[in-house]
Protein chains: 2
Amino acid sequence: MSVSAPTFSPLYRQIKALLVQSLGAGEWRPGAAIPSETELAGRYGVSQGTVRKAIDELAAEHILVRRQGKGTFVATHHEQRQLFRFLRLVPFEGTLEYPDTRLLECRRTRAAADLARLLDLKAGDGIVYLRRLLIFQEAATVLDEISLPAALFKGLTPTKYEEHKGSLYRLFETEFGTRMIRADERLRAVAADAATAELLTVREGTPLLCVERVAFTYGDRPVEFRRGLYRTDRHYYKNELG
Amino acid sequence: MSVSAPTFSPLYRQIKALLVQSLGAGEWRPGAAIPSETELAGRYGVSQGTVRKAIDELAAEHILVRRQGKGTFVATHHEQRQLFRFLRLVPFEGTLEYPDTRLLECRRTRAAADLARLLDLKAGDGIVYLRRLLIFQEAATVLDEISLPAALFKGLTPTKYEEHKGSLYRLFETEFGTRMIRADERLRAVAADAATAELLTVREGTPLLCVERVAFTYGDRPVEFRRGLYRTDRHYYKNELG
DNA sequence: AAGTGGTCTAGACCACTTT
DNA sequence: AAGTGGTCTAGACCACTTC
């Protein structure tokens with residue numbers, strides 16, 4: 001076998017690691033097809049079944065998507081199914097619609113110590129900071145603060161944001177080559193302060209759902225910190241415990 | 001012209017369905033070993049690989065647990081790993097400890113229309129209703145209201161509850177043969193009313209995390225409705241978006 | 001040594017998509 | 001017809017547990 005991975009693990013995991021490595025290096029772009037199982041088997045000198053098991057795990061993690069008869073594709077945020085993996089808000093009544101957004105702020109700043117720790121940076125490293133509202137059916141519902149490593153998102157401007165009226169993660173993926181794979185969230189209930197209350201058109205002190213998120217790209221590298229304040233009078237946060 | 005084909009499912013899914021059926025019927029109790037892959041293969045007249053794939057999926061759903069060299073076992077809530085699958089509260093500081101509980105109420109009642117709908121019952125069907133506090137490090141943190149179909153949990157008394165100082169789901173599994181497999185949760189932020197505030201030792205109006213849960217047993221049968229009110233000043237609700 | 005799950009292989013055939 | 005992923009089989013060998 002032509003495989004030499006640093007750690008000892010089953011063959012199919014070594015293949016999986018090689019695939020993730022190629023994905024992280026941008027060898028195959030989101031939405032594109034990766035080589036067929038038989039071709040990969042030949043390339044790595046293993047059987048098709050072993051490649052298959054590697055791809056099985058990547059598909060289970062939503063990193064790859066299989067389509068019978070067509071091939072295996074790099075997952076992308078440009079799919080309806082993926083859209084709400086990272087936005088768990090569901091209306092109590094009616095159907096879910098994708099929100100409008102209003103950008104409030106977009107500037108460069110520097111990472112404080114706690115943010116630097118979360119994003120695996122040094123204190124003082126450059127940060128792109130966004131603030132925005134998500135508006136469902138004319139109702140401002142979410143106030144988001146988003147911090148990104150400036151090194152990865154250098155050209156992120158209000159113009160770029162506005163051009164890309166849709167998911168931020170689509171923008172990140174197409175314009176900056178950074179795809180979000182998974183995220184950790186911490187939820188708690190907080191009271192709206194005066195400034196937040198005005199933006200969300202609620203009374204000061206109204207209970208809000210505070211959602212703090214660290215999002216990760218290939219190889220579990222943290223690349224986004226986000227704090228969202230959610231009105232939960234018309235929507236709830238949906239979670240499935242499996 | 002072809003008429004729509006009858007629902008076809010691959011062999012390994014049929015095997016999986018048979019296994020779930022046996023599990024739901026109590027043929028193998030939680031914690032017990034199921035027959036070996038080779039024995040099941042013989043019983044169902046398929047290859048070991050096909051049985052293996054069925055078990056793979058059940059293991060991924062935490063319904064079965066494999067232990068190399070020993071066998072495959074029915075998952076049980078009597079495992080540390082499983083304990084916090086259904087209790088997502090994590091302290092901001094320090095390590096997670098299992099809470100004490102204080103039972104406030106335990107009585108029989110009848111299902112209102114909305115509860116009946118959630119639990120797939122008829123309005124007026126018997127319900128066992130519990131109310132309790134979860135207490136972390138001397139601090140009352142969660143106020144739970146729990147509704148269960150009386151048909152399944154007939155002998156649930158305060159005595160039974162107190163005997164079983166631990167997870168409720170352990171009690172359900174060992175005493176009533178009903179094992180919780182997965183749950184859907186709806187989260188929102190609410191203000192504490194006077195009665196709740198007193199129980200959780202917070203001021204009236206304090207923002208609380210409201211967590212509504214429907215839990216399911218084998219075959220996606222809903223068997224519990226729960227509404228929890230969480231203080232989130234010392235704990236947060238942890239979620240992983242995969 | 002025997003039994004269990006875990007990995008890897010090779011080949012056959014099926015279902016779906018495209019040419 | 002050719003290429004892709006999806007299923008199923010049979011057999012070999014490995015790693016772990018128990019006797």
Side-chain angles (χ1 to χ4, degrees), chain A residues 1-19 22-23 28 31-76 79 81, chain B residues 1-19 22-23 28 31-76 79 81:
Chain A
M1 344 257 162
S2 59
V3 174
S4 55
T7 62
F8 172 77
S9 56
L11 251 187
Y12 73 90
R13 286 221 195 256
Q14 298 176 37
I15 304 300
K16 182 185 173 188
L18 290 172
L19 292 172
S22 292
L23 287 164
W28 309 303
I34 71 170
S36 72
E37 295 178 355
T38 48
E39 185 179 337
L40 289 170
R43 175 184 305 187
Y44 297 129
V46 301
S47 77
Q48 188 207 354
T50 300
V51 170
R52 184 166 186 77
K53 196 156 183 189
I55 294 179
D56 276 345
E57 291 201 350
L58 292 169
E61 295 167 25
H62 305 108
I63 290 176
L64 296 177
V65 177
R66 318 182 96 129
R67 289 188 205 135
Q68 187 173 158
K70 299 179 77 173
T72 300
F73 299 79
V74 183
T76 166
E79 304 169 26
R81 314 200 321 284
Chain B
M1 341 221 202
S2 64
V3 187
S4 63
T7 60
F8 160 85
S9 68
L11 249 188
Y12 73 89
R13 286 221 194 259
Q14 299 176 37
I15 304 299
K16 182 184 173 188
L18 290 173
L19 292 173
S22 291
L23 287 164
W28 309 304
I34 71 170
S36 73
E37 294 178 356
T38 48
E39 184 179 338
L40 289 170
R43 176 184 307 189
Y44 297 128
V46 301
S47 78
Q48 189 207 352
T50 299
V51 170
R52 183 167 187 77
K53 197 157 183 190
I55 293 179
D56 276 344
E57 291 200 351
L58 292 169
E61 294 168 26
H62 306 106
I63 291 176
L64 295 177
V65 177
R66 319 181 94 127
R67 289 188 204 135
Q68 186 174 159
K70 299 179 77 173
T72 301
F73 298 79
V74 183
T76 164
E79 303 170 27
R81 315 198 321 283

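In what follows, every chain begins at residue 1, and chains take the letters A, B, ... in the order their sequences are listed.
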For C:dC16, give the paired nucleotide (Watson-Crick: N1-N3 plus N6-O4 or O6-N4; G-U: N1-O2 and O6-N3; both under 3.5 Å), or none.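 In the structure as shown, C:dC16 has D:dG3 as its Watson-Crick or wobble partner.
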Watson-Crick or G-U wobble mate for D:dG11, both contacts under 3.5 Å: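 Paired with D:dG11, as far as the under-3.5 Å criterion goes, is C:dC8.
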Using whole Å, report how far [atom1] of [X] lies from [atom2] of [N].
X       : N      : atom1 : atom2 : result
B:Glu37 : D:dC8  : CD    : P     : 15 Å
B:Arg13 : C:dA15 : CZ    : P     : 16 Å
A:Arg67 : C:dA15 : CZ    : P     : 22 Å
A:Phe73 : C:dC16 : CZ    : C1'   : 12 Å
B:Lys53 : C:dG6  : NZ    : P     : 16 Å
A:Arg66 : D:dT7  : CZ    : C1'   : 12 Å

In Å, rounded to the nearest 0.5 Å, how long is the span from NZ of B:Lys16 to CG of B:Asp56?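 So the gap between those two atoms works out to 10.5 Å.
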Reading DNA chain C from 5' onward, which residue's closest nucleotide shows up sooner: B:Gln48 or A:Pro10?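 Result: B:Gln48.
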Between A:Gln68 and A:Thr50, which is nearer to the 5' end of DNA chain C once each is assigned its nearest nucleotide?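 The answer here is A:Thr50.
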Quick test of your reading of the model: are B:Arg43 and B:Glu39 salt-bridged, counting only N-O distances below 4.0 Å?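 The answer is yes: the pair qualifies as a salt bridge.
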Given A:Leu19, A:Thr50, A:Leu18, A:Ile15, the one that forms side chain to side chain contact (heavy atoms under 4.5 Å, CB included) with A:Leu40: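 Only one of A:Leu19, A:Thr50, A:Leu18, A:Ile15 forms a side chain to side chain contact (heavy atoms under 4.5 Å, CB included) with A:Leu40, namely A:Leu19.
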